[in-house]
Amino acid sequence: MRGRGPRRSLRLSLKSSSCRHRFARITQKITSLLFFAVYLQSRHISMNQPEVDPSAGDSQPRNVLQTARLNKLRKIESLGIDPWGGYFPNRELTRDVRARAAEIQFQTADGRTLPLPDFGANAAGEAIDYRKWKSDQGAGEEIGPKVRVAGRIVLMRPTGKLIFVNIRDWTGDIQIFIGKAQVGDADFDLAGLFDLGDWIGVDGRLGRTNYGELTVFAEKLHFMCKTMEPPPEKHAGLTDQELRQRQRYLDLTYNEGVMDTFLKRTKIVQAVRDTLNRRGYCEIEGPTLHTIAGGAAARPFLTHHNALNMPLFMRIALELHLKRLLVGGMERVYELGRVYRNEGISPRHNPEFTMLESYEAFANYEVMMELTEEIIVNALKATGQGTQVVWNDKPIDFTPPFRRAKYNDLFQEATKLDPHDVEGIAALHRRLGMDPTGKHPDVVKSEVFEELCEESLTNPTFVIDYPASICPLTKRKQDDPSVAERFELFVHGMELANAYTELNDPLLQEELFRTQLDGQAEEDSMAKMDDDFVLALRNGMPPAGGLGIGIDRLIMLLTDSRSIRDIVLFPLLRHQD
RNA sequence: GCCCUUGUAGCUCAGUCGGUAGAGCAGCUGACUCUUAAUCAGCGGGUCGUAGGUUCGAGCCCUACCGGGGGCACCA
C-alpha cells in the first residue's frame, strides 16, 4: 500500500508522451541526491561526530538501542573504515573450513608433525583436555591452514583483551578468536565496535582452542556491514509467527532449520525440472495475465490494463496455454510457476502458490502416474532422503508403485453404498449436513467422497477414473463415456497431484464449455467458455497425458512442514502500518 | 464472512483476587587473553495492540476495532 502511490506515478510518467523531459528531471534529482550522499559520507569520515548519549533525551528504548549502534557506526567511520564493506574475494564457506580440520597438526620442537587427537569420537563422553595433550607432547606449536571467512556475528564473548565471536554464513557457524596481541591494537579497537548482527570478514589461521573447539585465530579483521537493529534473543530466536513471516530475513538467520528448509525447497524444484528436462521436456513461460481465467474452478484475482482499458485476470492454472503449445507441436512441454487464487487462506492454502503442469503428446494418464512417481522419488533423492519419510509425526511410504484405487471402489468401501445408488448417496449427503437439492448426482457423490474418502488416504494413493461430469477437460473412457481418465494423488488427505488423459475433441470440448454443470452457478463452474481455446483444439491437439502437481504441498511433505507458511518465503499477510 | 484463541521492554516470557509494571537476553559503564547462551558488579529501558466503557482504582472485567495463530465456510 505504502509504496504503491509513488511507484505508480513514476511508471506513468516514464510512459507518458513527455517522457524524455521528465526522465531528465528525475536523473537530475538522482544526481543531486548522490552528491548529497557523498557529502554526508565525507562529513562523517572527516569530522569526529559528537557522540549521542544513549541515556539522555529520547526515552524510547528502541532508540536507545539504535543510538548505541549509530555511535559505533560513527566511530568505525572515524577510524577511516567503510562500515558498509565491499568486495571480499576468495573467502571460504564455514562448511568448507570445517572440512579442513584435519589439516591442523601439532609441530614438535624437533620438527615432527603429529595429528591432533580425535575430538569428535570420545566414546566415554569425556571432554578431551587438549591443553594437557599439548603439554604432553613437550615444546611445540599447533599449525593450521590460513583461511578467510565471512559472516554475521551471532554470539560474542569478550573476556578482556580477548574476544570470542561466533559468525554464521549460510552453511553454518564458526568461532573466531580475536586476541589483542594477535590482531594488533587497531583491529582490536575495531572489534570493540562490533555488535551482534554485524557482518564481518576474517583472515586467520584455522586451529583448536584449549577445549578443542574448531576456531579461526584472527590475524586481520574486515568490516563488512553495520546492522542498525538489535537481533532477536540469542537463544530462543524469533518465535512470534507474525514476526517470522514479516521479517523472514531474521527467521532465516536466527531460527534453526529455516535456511535448511528453504534450501531444500530449491533442491526439490531443481529436481523436478531435472526430471522433466531429462525426459525431453521443454520449459516455457506462459502468460500470467489472462483475459479468461480458465483451466480450473477457482475465483481469480481481477486486475486492469490501463492503456488497453481492459479487465484482466491473474491466472488460476497453466493448463489452457500449455495445451495450445501441444497444438503447436511442442510435444513435451511444462511450466513451473505461480498461480493465483482468490480464496481462503489456511495452513495448506496461500493465495499465490507454485504449480507444475506438464503435457506429453501420445501419453495418457497411466504414463502420468509413472512420471509422478519418478518426479517425487527424484525430489526425495535430491534432498538426501529415501522413500520412507515422516510428516507431522506420521510415516509416509513413497516407494513406487503407489497404490492405485478406483474412485467408485473407494467410494463403496467408505460408504457401503452402490456408487450408482443416486437416492442412497443423496440421503447420506443429507446426513452429513449438506444439501443435495438441485445438484448433479455426480457432484453430490463428489462432495460425499471429499467428506468421507480423502481424509483416509494417508499413504500415496492414485485415485483413478472419476465421474466424467465433473471433469470437463478430460478424455472419457472409450468403453464407458461416464468415466473420465483422470487421477488425483492423495497423501495424508492432501491433494498433491491431478492428471488426465487430455480431451482433444474440440466438438465435445465446446459442448462441455457450453453446457453448464447442473446445479452450479456460472461463477462456480469451471466450464467457462473459451472460444480461443476451442479454436486451438480445432487446429488439432495430439492425444496427450497432462499432469499438475502442487509444488508447495510436495515441499511440505518432503520437508516435514505442517504449514504452507513455513515453506513459502513471503506468505500473504495483511498490510501493517 | 463466522467461531475459538492470542497481543506486556528491541527479543523471549512472568504478572495471583482488579490495588504504584517484573525477569532473562540484548544495551550502557567497569573487571577479565581459551570462552561456549562466557562470568562478575553496577545502570538505563514500558502508549501493557488501538479506542471507548464499568470501577474510588483496569495489564487483568465489558464492547468495538486492528494484527497474528487455529478451525469452519470457500477451495472441480
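The figures that follow rest on heavy atoms only: side chains count, while hydrogens, waters and symmetry mates do not.
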Ring centers of A/Tyr130, A/Phe119 separated by less than 6.0 Å: yes
Whole-angstrom distance between B/C28 and B/A21, as gauged at atom C1': 22 Å
Distance test, side-chain N/O of A/Lys180 to OP1/OP2 of B/C32, below 4.0 Å: no
B/C60 to B/U50 separation - P atoms, rounded to the nearest Å: 11 Å
Cationic N near anionic O, under 4.0 Å, A/Lys132 to A/Asp136: yes
Side-chain N or O of A/Arg565 closer than 4.0 Å to phosphate OP1/OP2 of B/G70: yes
Face-on cation placement of A/Lys445 at A/Phe449 ring, 6.0 Å and 45° thresholds: no
Pairwise P distance for B/U8 and B/G68, with rounding to whole Å: 15 Å
Whether A/Phe513 and A/Phe533 hold their rings parallel, tilted or perpendicular, with breakpoints at 30° and 60°: perpendicular
Whole angstrom value for the distance that separates P of B/G7 from CG of A/Asp240: 11 Å
d(CD1, A/Ile153; P, B/U36) in whole Å: 18 Å
Per A/Thr209 side chain, nearest of listed nucleotides B/C11, B/U36, B/G69: B/U36
Touch class at under 4.0 angstrom, heavy-atom based, for A/Phe177 against every strand present: base
Closest nucleotide among B/G68, B/C11, B/G70 to the A/Arg246 side chain: B/G68
Phosphate contact (B/A26 OP1 or OP2) by A/Lys234 side-chain N/O below 4.0 Å: yes
A/Phe177/A/Phe164 aromatic ring centres below 6.0 Å: yes
Any side-chain heavy-atom pair of A/Asn210 and A/Lys134 under 4.5 Å: yes
Nearest-nucleotide 5' precedence on RNA chain B, A/Ala236 against A/Arg69: A/Ala236
A/Ser346 side chain near B/G71 phosphate (N/O to OP1/OP2, under 4.0 Å): no
Which nucleotides of RNA chain B pair, in dot-bracket form (Watson-Crick or G-U under 3.5 Å, | meaning another strand): (((((((..((((.....[..)))).(((((.......))))).....(((((..]....))))))))))))....
Gap in Å between the two C1' atoms, one belonging to B/G46 and one to B/G69, rounded: 25 Å
Within residues 155-167 of chain A: residues closer than 4.0 Å to RNA chain B (heavy atoms): A/Leu155, A/Met156, A/Arg157, A/Pro158, A/Thr159, A/Gly160, A/Lys161, A/Leu162, A/Phe164
Residue mapping more 5' on RNA chain B - nearest nucleotide basis, A/Glu242 or A/Gly344: A/Glu242
P atoms of B/A26 and B/G67, separation to the nearest Å: 34 Å
CA sep, side-chain torsions, deciding dist, call: A/Lys220, A/Asp187, salt bridge (charged side-chain N to carboxylate O under 4.0 Å, His left out): CA-CA 7 Å; A/Lys220 179 75 196 138; A/Asp187 271 2; 3.2 Å; yes
Rounded distance in Å between the P positions of B/A14 and B/G7: 9 Å
Separation of the P atoms in B/G1 and B/A38, to the nearest angstrom: 46 Å
A/Arg348 and A/Met556, any side-chain heavy atoms less than 4.5 Å apart: yes
Any side-chain heavy-atom pair of A/Gln175 and A/Leu214 under 4.5 Å: no
Sugar-phosphate only, base, or nothing, as touched by A/Lys72 at under 4.0 Å among non-hydrogen atoms: sugar-phosphate
Heavy-atom check, side chain of A/His429 versus side chain of A/Lys439, under 4.5 Å: yes
B/G69 phosphate, OP1 or OP2, under 4.0 Å from A/Gln245 side-chain N/O: yes
Between C1' of B/A76 and CD of A/Glu450, the distance in whole Å: 8 Å
Under-4.0 Å side-chain N/O to phosphate OP1/OP2 contact, A/Arg574 with B/G68: yes
Gap between atoms CD1 and P, on A/Ile176 and B/U36 respectively (whole Å): 17 Å
Residues A/Asp195 and A/Lys226 bridged, charged N to O under 4.0 Å: yes
Proximal nucleotide (of B/C75, B/U36, B/C28) relative to the A/Glu343 side chain: B/C75
No-H, no-angle donor-acceptor pair, A/Asp195 side chain to B/A26 base, under 3.5 Å: no
Pair of N/O donor and acceptor under 3.5 Å linking B/C75 base with A/His349 side chain: yes
Between B/U6 and B/U39 - P atom distance, rounded Å: 34 Å
Inter- and intrachain pairs under salt bridge (Lys or Arg N to Asp or Glu O under 4.0 Å), touching residues 483-494 of chain A, at least two apart: A/Lys477-A/Glu485, A/Arg486-A/Glu488
Rounded distance (Å) that lies between atom P of B/A76 and atom CD of A/Glu454: 10 Å
Spacing between A/Leu243 atom CG and B/A26 atom P, to the nearest angstrom: 19 Å
Spacing between A/Lys75 atom NZ and B/G27 atom C1', to the nearest angstrom: 13 Å
d(NE2, A/His235; P, B/C11) in whole Å: 18 Å
